[in-house]
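One structure is given below, encoded as structure tokens.
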Amino acid sequence: MRALICGAGIAGLTLAWHLERAGWQVEVVERAPALRDGGYMIDFYGPGYEVAERMGLTPRLLQARYPVSELGYVDRDGRQTSRLAMSRSFERVVSLLRADLVRAVHDDVRTPVTYGTSVAGIEQRDEGVTVELTDGTRREVDLLVGADGAHSQVRELAFGPEERFLRYLGHQVAAYVIDDKALSEEVGTRYRMLTVPGLMAGAYALRGDRLALLFLLREPDPVLTGDPAAWLRRHYGDLGWILPEALSRCPDPAEIYRDQVTQVEMEHWSTGRVVLLGDACQAVSLFAGHGASLAMAGAWVLADELAAAGADGIPAALAAYQRRVRPAAEEVQAFGRRFIRWMAPSSRLRITARDWMLRLAALPGADRLFLNTLTSGGHGLIVSRAVDGLRG
């Protein structure tokens with residue numbers, strides 16, 4: 001059985017890992033020129049953590065994790081307005097850079113990745129798919145997987161323009177990493193955020209005297225225009241705290257991650273022998289904070305259904321994969337839409353309410369209840385039909 005996976009992110013590489021161990025011939029193509037670095041800090045937990053354990057990746061992830069001791073908000077002068085100490089009982093919540101999770105999976109995949117290449121055309125038949133790549137070559141495969149993100153090229157070719165499926169959540173996001181020992185030491189192993197109505201800036205210290213920065217802007221227009229560094233300085237340059245200095249260290253535009261905050265909503269995740277995976281079909285958004293976990297879980301379930309169905313049952317396996325994963329994705333998407341008002345408050349009244357909520361959550365016993373509300377969705381997905389025997 002032959003599979004072509006478009007997208008060398010968390011979902012695509014996790015699926016490659018499982019399919020190659022099930023005896024499939026797998027090829028991965030990625031439109032980026034190299035493995036993507038940068039991005040932003042994520043909290044990795046839930047069903048994705050279960051998949052990582054089954055893949056034997058836990059030691060690598062624990063080595064890459066960052067110790068988040070506290071979540072806190074500051075004002076323009078850097079004074080703390082609210083805080084929540086992170087419970088030590090959350091051992092199975094791993095905070096790390098998204099790129100470090102991608103690399104952990106990538107380094108354990110045997111299949112080579114062809115970079116700078118994507119899918120240019122698709123021709124389906126009952127018995128397979130002819131795929132034309134952007135380098136002019138063709139592939140005859142039994143399965144084409146679009147794991148190429150919320151702006152998926154495979155989805156556009158197989159299902160139509162992305163405007164039909166993207167749900168814009170009224171915000172734009174940017175992130176970058178800088179080398180700055182002084183700022184890194186000032187922020188420390190605490191996730192610090194500054195919010196004013198419509199704007200949020202967060203920072204966390206990384207190893208090697210680096211600092212990771214994340215920015216959220218309330219913006220009714222989803223169109224991304226202009227130089228991202230100039231865009232950041234225009235909106236955040238006068239907010240105080242560490243931002244003037246951090247913004248003066250903005251890297252080149254190519255090193256700044258910037259995108260719309262969107263969700264993807266689709267009635268069908270597959271057509272014939274073409275299937276979508278990860279953010280291409282189930283993007284939950286930055287506000288939900290569960291995308292990496294669901295990406296790995298979705299890949300695991302897809303591999304499980306393919307292994308159970310065999311060569312003659314691929315379309316049925318793709319439908320079964322959607323039936324298992326879609327309810328969890330929709331639950332997390334709904335949570336993300338509700339959480340917008342807390343992560344990116346639109347008024348000073350909401351900021352005050354958010355600060356009081358954190359103070360209450362810091363009371364004995366309330367911290368665990370509060371954090372449990374942020375780790376919902378997808379539990380029970382990792383119930384195997386076939387893939388438990390694929391490790392090795």
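- For the residue pair His268/Gln322, the side-chain donor-acceptor check at 3.5 Å is not satisfied.
- Between Arg249 and Glu245, none of the side-chain N atoms (NZ, or NE/NH1/NH2) sits under 4.0 Å from a carboxylate O, so this pair counts as no salt bridge.
- Listed by first then second residue, pairs satisfying side chain to side chain donor-acceptor pair (under 3.5 Å) with a partner in residues 118-137 read Arg125-Glu127, Arg125-Thr130, Arg125-Glu140, Thr130-Glu140, Asp135-Thr137, Thr137-Arg139, not counting sequence neighbours.
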### Task
Give the C-alpha distance, both sets of side-chain angles, the deciding distance and a yes or no for side chain to side chain donor-acceptor pair (under 3.5 Å) between Asp43 and Ser95.
CA-CA 4 Å; Asp43 291 323; Ser95 299; 2.6 Å; yes
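- In this structure, Asp180 does not pair ionically with Arg210, as no charged nitrogen and carboxylate oxygen lie closer than 4.0 Å.
- In this structure, a donor-acceptor pair under 3.5 Å is present between the side chains of Asp148 and Ser152.
- Taking the six-membered ring for Trp and thresholds of 30 and 60 degrees, Phe335 and Phe339 have nearly parallel ring planes, at less than 30 degrees apart.
- Contact check for Val173 versus Tyr257: side-chain heavy atoms found under the 4.5 Å cut-off.
- Taking the six-membered ring wherever Trp is involved, the centroid distance between the rings of Phe215 and Tyr236 falls below 6.0 Å.
- Donor-acceptor pairing under 3.5 Å is lacking for the side chains of Arg218 and Gln172.
- A 4.5 Å side-chain heavy-atom check between Ser184 and Leu206 finds every atom pair outside the cut-off.
- Side-chain contact between Asp304 and Tyr321: absent, with no pair of heavy atoms (C-beta onward) separated by less than 4.5 Å.
- The closest side-chain donor-acceptor pair between Trp17 and Asp108 falls under 3.5 angstrom.
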### Task
Could you give me the CA-CA distance, side-chain angles and deciding distance for His171 and Glu219, then say whether side chain to side chain donor-acceptor pair (under 3.5 Å) is met?
CA-CA 5 Å; His171 289 76; Glu219 173 56 69; over 6 Å; no
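- With sequence neighbours excluded, the residues that form a side chain to side chain donor-acceptor pair (under 3.5 Å) with Arg167 are Glu265.
- Looking at Ile178 and Leu213, their side chains come closer than 4.5 Å, going by heavy atoms from C-beta outward.
- Side-chain contact between Val145 and Leu4 is absent, with no heavy atoms from C-beta onward closer than 4.5 Å.
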### Task
Apply side chain to side chain contact (heavy atoms under 4.5 Å, CB included) to the pair Leu143 and Leu306, showing each step before the final yes or no.
CA-CA 10 Å; Leu143 178 67; Leu306 289 168; 3.7 Å; yes
